[in-house]
Amino acid sequence: MAGFKRFISVALGIAVITFSQSVSGESFLVKDGKPRAEIIIAEKPARMTKLAASNLQEYVSKMTGAMLPVTNAPDKNIPVKIYVGKSKFTDELKLSADGLAHGAFRMASGENWLALLGPDGDFVPLEPYPHDKKDLARVKKDWDAMNPDDYYAYPYSQLYQSYYPDLDVWSLDDAGTMNAVCEFLRGLGVRWYFPGELGEIVPKLGDIALPAVDRTVKPDFPIRRFGYYRNDTTNILWNLRLGVNYGHEMIGLTQNCHGSKWIYMRDEVKKSHPDWYALWGGQRATNHSYSGAPCLSSDGLLRQQLKFARFMFDVRKEPMLSLDVCDGYGSAMCGCDLCKGKDTVERGWSGNMSDYVWSYVNRAAVELYKTHPKHKVSGLSYSAYTLPPEKIDKLSPNVALMFCQSRSTFNDRAHRDKVVKLRQEWLEKLTLKEMYIYEYYTHNKPPGRADIPVYFPRLIAEDLRALKGISQGDMIEVYRHSDPKQFTWDPLAVMHLNIYVTASFWWDANQDLDALLDEYYKLFYGPAEKEMKEFIEYSEANWPLMSTRVEPIDKALALLAAARKAAGEGIYGKRVDLVAECLKTLPERREKLASAHKGAPRAFAAGRKIADLKLEGKLDEAFWKDVPVYELKELISSNAPKSKTAFQVAWADKAIVFGIRCEDSDMKNLA
């Protein structure tokens with residue numbers, strides 16, 4: 001806060017000298033590099049209003065060299081007023097942000113004034129909450145005192161990380177005015193493609209005219225959340241400029257999934273209520289993961305779930321609470337007498353526990369709807385309960401769905417069609433018709449595909465267009481190094497484009513993606529515009545193959561090398577270098593793949609007619625006549641294995657058919 005005050009006072013000093021030289025009534029914010037306007041905020045502005053005003057001042061200065069003063073007392077000698085956020089001055093103009101929500105905003109202008117405003121409420125955390133990491137012990141003690149002997153786990157341990165002292169904002173503050181300012185700056189050509197100065201585009205301007213504008217802008221998706229493995233001031237500022245909204249006004253502050261764990265993850269509960277936990281192999285699953293695996297038929301567990309939920313609604317003022325089971329739940333059913341027969345193994349793994357898990361969620365929801373009809377609960381479509389339940393016709397009217405997916409996999413069109421169909425099936429079960437998407441942008445997490453250029457902007461645009469009017473928005477996991485000193489490469493080097501496209505389409509899902517991408521290639525990569533477009537488009541079409549094939553890696557590396565040469569030195573070269581550094585082990589991957597393929601045995605499928613195939617476990621039928629037999633060998637020594645295995649392979653119509661013979665040293669006594 002002190003830093004902000006010093007910045008403003010210096011700016012005021014500069015501005016007074018400048019404006020004392022010449023005053024003009026022309027409608028310019030800046031003319032010939034000289035300021036003609038001042039930024040006006042309320043006497044007691046919200047935190048995000050102050051950040052928005054500072055942001056506007058900073059980028060006008062970067063574009064023109066002119067420093068516009070920020071004040072709450074207008075100077076009659078300065079011709080143009082820029083009203084940032086709600087104030088008595090916007091009230092006099094009868095401008096209001098009433099009725100706007102989730103970061104929506106107003107932009108309006110008149111003779112010698114411009115107004116940029118939206119809801120800017122300051123987030124106020126409820127005590128007890130940790131003011132820093134060292135404060136957790138105090139907080140947990142106070143938490144237990146609120147519910148003696150219930151031993152609820154504390155769900156707000158990381159809340160303090162949502163405050164950024166360098167900016168003096170919470171990421172949970174309303175940001176309507178900040179969004180309005182950023183939209184105004186985008187209209188002048190400013191872009192934020194990547195965190196920090198390396199990622200921004202700031203045009204050089206001599207003049208900034210007072211625009212004629214009257215717009216109310218609302219996002220297509222209320223919740224617009226990136227959940228980074230690590231966040232910092234530079235990154236959160238980038239995200240605020242992209243228009244994110246964390247959505248706590250809709251889904252609350254607790255973890256939006258696996259929410260039942262808060263009532264059974266503590267050791268005190270495990271000792272006093274072992275019957276609340278699943279019975280696996282004759283033992284209660286109190287040590288599953290870090291929270292324990294629940295028995296969802298336990299009446300005691302359900303009663304405690306209801307008690308906890310009502311406490312969270314009444315005391316903690318949570319609008320929604322997750323009721324689904326702990327993470328990692330789905331490997332085995334509870335084996336107690338109450339749970340036997342409640343699984344649905346015939347539906348396969350993704351539906352094996354759907355009715356079992358969702359019956360618990362819905363039973364709790366029905367009871368909570370009786371006492372708290374204005375509050376909501378949620379469950380996941382995930383793991384062994386991905387499919388909608390079959391034995392519940394309609395879910396309780398207070399149930400919302402968190403739908404887990406990964407849109408980067410939608411290059412498999414059959415898989416995408418399956419996901420879209422599944423989303424529709426869930427909507428038919430939801431009385432509330434409220435769905436949220438839980439997404440994963442974690443492809444560059446080491447080990448794995450950290451060195452593969454995973455671009456998927458077209459899949460993002462396609463999916464968000466399909467979800468408009470259906471989903472309330474996205475909660476997206478994004479990988480960043482938890483310890484930035486551990487690696488020299490930045491995981492956002494590639495992922496930033498996917499993030500930028502996602503954030504843009506959250507606001508306008510029907511915009512022209514090609515225009516957005518062409519602008520990105522031109523502005524961000526300059527002389528390497530053409531080459532980087534070729535590299536990114538090729539990577540988008542072929543990155544799934546780079547885990548197993550040499551050819552697409554060779555092509556991608558060649559395209560990236562051409563882009564680096566075209567970029568030259570300076571900022572464009574640095575931006576291409578970001579990508580190259582992120583992919584620096586891709587040549588090593590290529591060599592490993594090439595080595596693995598050298599001298600590898602080959603098998604060829606023989607053509608046959610499917611009508612001749614008999615699936616009876618015999619390989620002496622006419623179908624297999626003259627089909628080559630391939631014997632397996634030890635991978636390293638190439639020696640024949642102790643137990644001989646051979647196979648044949650045939651191509652019949654649209655099917656590949658394998659005939660496999662496995663021998664054993666004691667064939668007669670095989671069980």
Side-chain angles (χ1 to χ4, degrees), residues 7-46 48-98 100 104-120 176-190 202-217:
F7 180 61
I8 295 302
S9 63
V10 171
L12 283 167
I14 295 172
V16 168
I17 294 171
T18 304
F19 279 114
S20 65
Q21 295 173 351
S22 175
V23 176
S24 170
E26 294 182 51
S27 296
F28 285 90
L29 309 183
V30 177
K31 179 66 175 173
D32 298 325
K34 305 296 183 182
R36 296 271 183 99
E38 61 182 343
I39 299 169
I40 300 171
I41 58 177
E43 289 187 13
K44 296 181 179 180
M48 201 62 79
T49 304
K50 289 185 286 187
L51 181 63
S54 175
N55 205 55
L56 178 60
Q57 183 187 55
E58 175 186 356
Y59 281 92
V60 168
S61 177
K62 285 182 176 183
M63 285 186 285
T64 67
M67 184 68 73
L68 305 186
V70 178
T71 181
N72 55 42
D75 186 336
K76 64 181 180 180
N77 294 315
I78 300 177
V80 179
K81 313 301 179 186
I82 306 175
Y83 302 112
V84 173
K86 175 180 169 58
S87 66
K88 64 181 181 181
F89 306 105
T90 57
D91 291 344
E92 290 171 0
L93 290 169
K94 300 188 184 307
L95 295 173
S96 172
D98 292 348
L100 299 182
F105 57 88
R106 288 272 288 122
M107 304 173 68
S109 64
E111 185 178 357
N112 295 330
W113 62 266
L114 169 67
L116 306 169
L117 72 158
D120 283 346
T177 296
M178 182 69 171
N179 292 334
V181 164
C182 291
E183 177 66 7
F184 172 70
L185 293 172
R186 276 189 291 270
L188 297 173
V190 178
V202 183
K204 295 301 181 182
L205 304 175
D207 302 339
I208 298 179
L210 175 65
V213 62
D214 186 3
R215 294 176 60 197
T216 297
V217 181

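These numbers come from a predicted model, not from an experiment.
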- Item | Those residues that, when tested against N72, pass side-chain hydrogen bond (donor to acceptor under 3.5 Å, both in side chains) (two or more places apart) | none

- Trace of the side-chain contact (heavy atoms from CB on, under 4.5 Å) decision for V80 with F28: CA-CA 7 Å; V80 179; F28 285 90; over 6 Å; no

- Query: If you measure from OG1 on T49 to CE on M178, what distance do you get to the nearest 0.5 Å?
  - Reply: 11.0 Å

- Point-to-point distance, once rounded to the nearest 0.5 Å, from CG of L56 to CD1 of I41: 11.0 Å

- Side chain of E38, backbone of D75: donor and acceptor closer than 3.5 Å? yes

- So do L114 and F184 actually touch side chain to side chain, heavy atoms under 4.5 Å? yes

- Heavy-atom pair of closest approach, residues A37 and L68: O-CD2, 3.4 Å

- Message: Counting only heavy atoms not in E92 (residues, nucleotides, ligands), do more than 12 fall under 6.0 Å from its CD?
- Response: yes

- Just jot down the side-chain hydrogen bond (donor to acceptor under 3.5 Å, both in side chains) partners of K62, sequence neighbours excluded, or say none. E58, E200

- Item | N55 vs C182 side-chain heavy atoms within contact, under 4.5 Å | yes

- Query: Which heavy atom of A108 sits nearest a heavy atom of W113, and at what distance?
  - Reply: O-CZ3, 3.5 Å

- Message: Closer than 3.5 angstrom, by distance alone: can the side chain of T64 be matched with the main-chain N or O of V60 as a donor-acceptor pair?
- Response: yes

- Item | Euclidean distance, S109 OG relative to D214 CG, rounded to 0.5 Å | 7.5 Å

- Note on the structure: Closest non-hydrogen contact found for V190 with P203 is N-CD, 4.0 Å

- Got a second to check how far K81's NZ is from T90's OG1, nearest 0.5 Å? 15.0 Å

- Of all heavy-atom pairs between M63 and I208, which one has the smallest distance, and what is that distance? CE-CD1, 4.2 Å

- Measure from the side-chain N and O atoms of R106 to the backbone N and O of G118, and report whether any donor-acceptor pair falls under 3.5 Å. no

- Please assess D207 against D32 for the test side-chain contact (heavy atoms from CB on, under 4.5 Å), listing each intermediate value before the final yes or no. CA-CA 6 Å; D207 302 339; D32 298 325; 3.6 Å; yes

- Task: Mind running side-chain contact (heavy atoms from CB on, under 4.5 Å) on K86 and D120 for me, showing each step along the way?
- Result: CA-CA 8 Å; K86 175 180 169 58; D120 283 346; over 6 Å; no

- Message: As a quick check of understanding, evaluate side-chain contact (heavy atoms from CB on, under 4.5 Å) for Y83 and L95, giving each step before the final call.
- Response: CA-CA 10 Å; Y83 302 112; L95 295 173; 5.8 Å; no

- Item | CG-CZ distance between L188 and R186, expressed to the nearest 0.5 angstrom | 11.0 Å

- T216: what forms a side-chain hydrogen bond (donor to acceptor under 3.5 Å, both in side chains) with it, not counting sequence neighbours? none

- Distance (rounded to the nearest 0.5 Å) between T71 OG1 and I39 CD1: 10.5 Å

- Item | Which atom of L116 lies closest to which atom of T177, heavy atoms considered | O-CG2, 3.5 Å

- Message: Can you give me the closest heavy-atom contact between S27 and N112, atom names plus distance?
- Response: OG-OD1, 3.6 Å

